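Step one of this worksheet: look at the structure below.
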There are 2 protein chains.
Amino acid sequence: MKLDDAAARLEALGNPTRLKIYRSLVRAGAEGMAVGRLQAKLDIAASTLSHHLKSLVVVGLVTQTREGTTLVCHANYPLMRDLLGYMVEECCAEGSCAPVVLPKVA
Amino acid sequence: MKLDDAAARLEALGNPTRLKIYRSLVRAGAEGMAVGRLQAKLDIAASTLSHHLKSLVVVGLVTQTREGTTLVCHANYPLMRDLLGYMVEECCAEGSCAPVVLPKVA
DNA sequence: AAGGTATTTCTAAATTTCTGGAAATACAGT
DNA sequence: ACTGTATTTCCAGAAATTTAGAAATACCTT
């Protein structure tokens with residue numbers, strides 16, 4: 001991962017509302033969560049949520065799949081893993097925040 | 001760590017210039033790096049650098065110690081560890097980005 | 001095609017961020 | 001006290017973000 005990409009992803013997560021969105025999607029697990037349910041849960045305007053979701057989708061942290069009229073959102077776990085891996089590799093010193101072990105996905 | 005604090009720290013790192021600053025400080029290791037050297041290395045205006053450093057200091061990711069007229073900056077490793085720990089705990093699902101092992105500092 | 005639900009896009013206003021020149025401050029040495 | 005180096009603060013402008021109402025679009029059902 002390039003530094004600029006990492007920064008863009010950190011920026012996407014660096015907003016309380018978007019971090020809540022992302023966390024909700026992580027907790028929703030593999031089945032994900034529809035935009036509408038996300039909106040009810042977080043109690044924000046639909047257009048506002050849509051903008052925030054777009055920010056997360058653009059940087060790849062969230063993916064969306066249509067199911068009829070509803071759009072289901074999913075946290076992109078592998079990308080988060082890569083991002084955390086980048087942070088550990090580039091922004092941690094041995095013996096302080098590292099060693100952080102990031103095992104390969106089976 | 002609270003969600004709002006995590007978001008604030010991610011936002012601080014979510015800017016290419018600030019991420020470069022932080023990475024430089026990590027690589028500088030325990031002795032840290034003076035603001036002046038950082039400025040020469042990154043080739044940005046002194047006032048711009050000062051603003052970015054302040055952002056990092058405010059959220060606790062960077063600490064500063066005076067040595068005569070020069071200000072030496074240090075990456076706050078334990079806080080980065082906490083931040084990564086938060087991300088793993090709150091924003092990772094078992095078996096996907098987790099398991100990420102964050103051993104305690106000795 | 002008509003109607004209903006889900007979501008996005010348009011538009012806009014308030015706020016914040018980013019940048020850096022200029023001036024001010026901090027500290028050391030003479 | 002004066003000079004010089006290091007850094008911050010003041011100021012300002014351009015650009016981007018955040019928010020959300022209103023209108024538009026997408027899709028399903030009948």
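Below, chains carry the letters A, B, ... as their sequence lines are ordered, and counting in each starts from 1. What you see is a predicted model, and the numbers here were worked out from it, not measured in a lab.
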(message) Is the shortest side-chain heavy-atom distance between A:Ser55 and A:Leu61 below 4.5 Å?
(response) no
(message) Counting the atoms with a prime plus P, OP1 and OP2 as sugar-phosphate, which does A:Arg18 contact under 4.0 Å by heavy atoms, base, sugar-phosphate, or nothing?
(response) sugar-phosphate
(request) Could you pick out which residue, A:Glu11 or A:Arg37, lies toward the 5' side of DNA chain C when each is mapped onto its nearest nucleotide? (result) A:Arg37
(request) Kindly check if the number of other-residue, nucleotide or ligand heavy atoms within 6.0 Å of CZ (B:Arg37) is above 12? (result) no
(message) So B:Gln64, base contact, sugar-phosphate only, or nothing? Heavy-atom distance under 4.0 Å.
(response) sugar-phosphate
(message) With clusters defined by side-chain heavy atoms of hydrophobic residues (ILVMFWY) lying less than 4.5 Å apart, directly or transitively, does B:Leu38 cluster with B:Val26?
(response) yes
(request) Nearest whole angstrom, please: distance from the C1' of C:dT19 to the CD1 of B:Ile21. (result) 13 Å
(request) Please answer: with hydrophobic residues joined when any side-chain heavy atoms are less than 4.5 Å apart, are A:Leu84 and A:Tyr77 in the same cluster? (result) yes
(request) Indicate yes or no: at least one non-hydrogen side-chain atom of B:Leu56 is less than 4.5 angstrom from one of B:Leu13. (result) yes
(message) Judged by each residue's nearest nucleotide on DNA chain D, which is more toward the 5′ side, A:Asn15 or B:Thr69?
(response) B:Thr69
(message) To the nearest 0.5 Å, what is the distance between CE on B:Met80 and CG on B:Leu25?
(response) 11.0 Å
(request) State the OG-CG distance between A:Ser24 and A:Leu42, to the nearest 0.5 angstrom. (result) 4.5 Å
(message) Quick check for you: name the first and last nucleotides of DNA chain D, 5' to 3', having an atom under 4.0 Å from a heavy atom of chain A.
(response) D:dT18 to D:dC28
(message) If you take any heavy atom closer than 4.0 Å to DNA chain D, which residues from residues 42-57 of chain B end up in contact?
(response) B:Ala46, B:Ser47, B:Ser50, B:His51, B:Lys54
(message) Please report the distance, rounded to the nearest Å, between NZ in B:Lys20 and C1' in C:dC18.
(response) 14 Å
(request) Please examine the side chains of B:Leu79 and B:Arg9, heavy atoms only from C-beta on, and report whether any two atoms are closer than 4.5 Å. (result) yes
